[in-house]
Amino acid sequence: MTILAKHASYKLAYDALRAHGVDPFNVRFDSVLSPTEGILNGRRMILLGTNNYLGLTFDPDCIAKAVEATSRQGTGTTGSRIANGSYDGHLRLEQRLAEFYGRKHAMVFSTGYQANLGVLSTLVGRGDHLMLDADSHASIYDGSRLGGAEVIRFRHNSPDDLYKRLRRLAGSPGERLIVVEGIYSMLGDTAPLKEIAAVKRETGAYLLVDEAHSLGVLGAKGRGAAEAAAVEEDVDFIVGTFSKSLGSVGGFCVSDTADFDIMRVVCRPYMFTASLPPGVIASTLEALHKLETEPRLRASLMRNAKRLHDGLGALGFTTGPQANPIVAVVMPDQEVAVTFWNMLLESGLYLNLALPPATPSNAPLLRTSVSAAHTTKQIDAALEIFAHVGSELQCLPSDRRRAGGVV
Amino acid sequence: MRETHQLALVASNNGPERNPVREEIAAVFEQVLGHAVQITDQTDIVEDLGLDSLGVMNFVMAIEDFYDISIPLDRIAQVQTVGDLIQAVEQLRSGVPA
């Protein structure tokens with residue numbers, strides 16, 4: 001018995017999972033070769049689960065900017081911006097983000113996780129009300145606990161349930177902040193932002209949209225789900241990350257709210273962690289430039305997403321409702337999911353195994369994320385591998401028919 | 001909706017007396033689980049009824065709909081037994097701040 005004995009039930013489940021094959025939560029790549037390929041146990045793999053939406057991690061210009069900034073300004077800032085000061089890159093990136101979103105203010109955080117921790121815990125506190133979609137990311141749940149606001153959960157993507165809960169609060173003091181995500185990270189479904197914005201207007205709440213998975217993905221300019229739904233004016237705060245479409249690491253918040261800069265001296269997850277190193281800032285700036293000036297990246301991404309989503313559907317797999325860059329395949333149970341995932345890996349296809357309670361329902365998911373950098377050939381190869389493994393495991397409707405399982 | 005469910009606050013939830021809230025909660029449990037359940041105030045919602053975290057969430061949302069209340073997350077975290085839940089429901093319906 002150790003101090004970690006309290007996690008015994010997780011250990012039991014984790015050990016059982018690992019006994020099944022490769023540890024899905026600790027995959028060790030020998031090397032990563034490109035946004036879409038890596039080597040695992042000596043074998044070349046297609047990467048179809050790394051959120052690398054625009055495929056910019058190996059972009060020569062982004063790399064050159066990172067190298068140049070690192071040579072000129074060093075590998076790290078060795079502290080927070082309140083202690084060690086801001087570098088010109090931090091300020092430039094904040095200015096560029098504000099311009100990109102057409103907002104007055106922007107603030108950069110060291111990770112997307114910290115952006116949610118910081119913003120949620122600073123905007124609302126004791127006596128305020130935080131309205132969270134039930135399928136919110138862990139960083140939103142964790143941020144909600146840090147600030148002391150009363151946290152109320154509404155049914156996933158249900159503006160009616162949100163409205164009902166805000167109505168129940170009528171008459172009680174305190175601010176209301178609604179938090180939703182542009183694209184939800186597990187099933188790839190988008191929030192009904194038009195309807196949610198209407199609820200926001202009617203109830204006088206504030207609205208925050210986390211565009212982590214939708215920046216560079218949705219909207220004519222790539223600003224995300226709020227742009228795509230034409231409700232940017234109703235969104236008071238946008239939070240996002242650099243670690244997906246922008247191919248680096250870090251998080252941000254943009255807003256028009258007056259007094260925004262007070263956050264810099266009251267927001268603890270901003271104040272008490274080291275700021276992003278110059279190389280990361282420089283590659284992020286360049287990636288943002290690419291996102292703005294190369295809309296063909298978004299077009300390739302959506303073309304690949306549709307090809308994979310439609311292809312999996314045609315094979316008979318159950319996927320999420322929309323052809324977004326996150327395509328999740330619903331598995332009947334954990335046993336099949338783990339076996340399926342291991343067989344995909346053996347066949348040269350890497351993606352994410354998502355198990356409850358990290359999934360929105362009790363069903364495990366094989367979660368894929370598509371990149372603009374995938375070739376049509378790679379998407380088709382992935383579909384072929386899916387078809388082969390699905391058929392081996394008799395997971396496809398046609399196979400079950402053949403096997404006499406389902407009529 | 002609220003008026004039709006008005007109930008006096010009960011000082012103690014541990015007595016053997018019939019408690020309409022407990023009966024209503026049992027009915028919601030049956031609806032969510034799809035089978036009849038025997039519950040007392042001491043029934044542990046996770047241990048005794050075998051609900052996982054998603055089951056608990058669905059059950060809590062059904063309870064919230066039934067009483068037209070929202071149970072804040074920190075209050076849900078304090079609820080372990082049916083008795084705790086009855087107390088939370090009664091307090092929220094009588095307007096006692098969370």
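The chains referred to below are lettered A, B, ... by the order of the sequence lines, with proteins before strands, and numbering in each begins at 1.
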**Student:** Can you name the closest pair of heavy atoms from B/D65 and A/R168 and give their distance?
**Tutor:** OD1-NH2, 3.8 Å

**Student:** Pick from A/R167, A/R145, A/R153, A/K164: which one has the most heavy-atom pairs with chain B under 4.5 Å?
**Tutor:** A/R153

**Student:** By a 4.5 Å heavy-atom criterion (distance strictly below it), what part of B/N58 contacts chain A: side chain, backbone, both, or neither?
**Tutor:** neither

**Student:** Looking at A/Y206, I want to see if its OH is surrounded by more than 12 non-hydrogen atoms of other residues, nucleotides or ligands under 6.0 Å.
**Tutor:** no

**Student:** Answer yes or no: are there more than 12 heavy-atom neighbours, outside B/Q38 itself, under 6.0 Å from its atom CD?
**Tutor:** no

**Student:** How about A/R268: does its CZ atom have over 12 heavy atoms from other parts shown lying under 6.0 Å from it?
**Tutor:** no

**Student:** With only heavy atoms counted, which part of A/S361 is less than 4.5 Å from chain B, the side chain, the backbone, both or neither?
**Tutor:** backbone

**Student:** Measuring from atom CD1 of B/I69 to atom CZ of A/R165, what distance do you get when rounded to the nearest 0.5 angstrom?
**Tutor:** 9.5 Å

**Student:** For B/A62 and A/R155, which heavy atoms make the closest approach, and how far apart are they?
**Tutor:** N-NH2, 4.2 Å

**Student:** First locate atom CG of A/D161, then atom OG of B/S70, and finally report the distance between them rounded to the nearest 0.5 Å.
**Tutor:** 7.5 Å

**Student:** Is it the side chain or the backbone of A/Y141 that comes within 4.5 Å of chain B heavy atoms, both, or neither?
**Tutor:** side chain

**Student:** Could you give the distance from OG1 (A/T359) to CG (B/L54), rounded to the nearest 0.5 Å?
**Tutor:** 6.5 Å

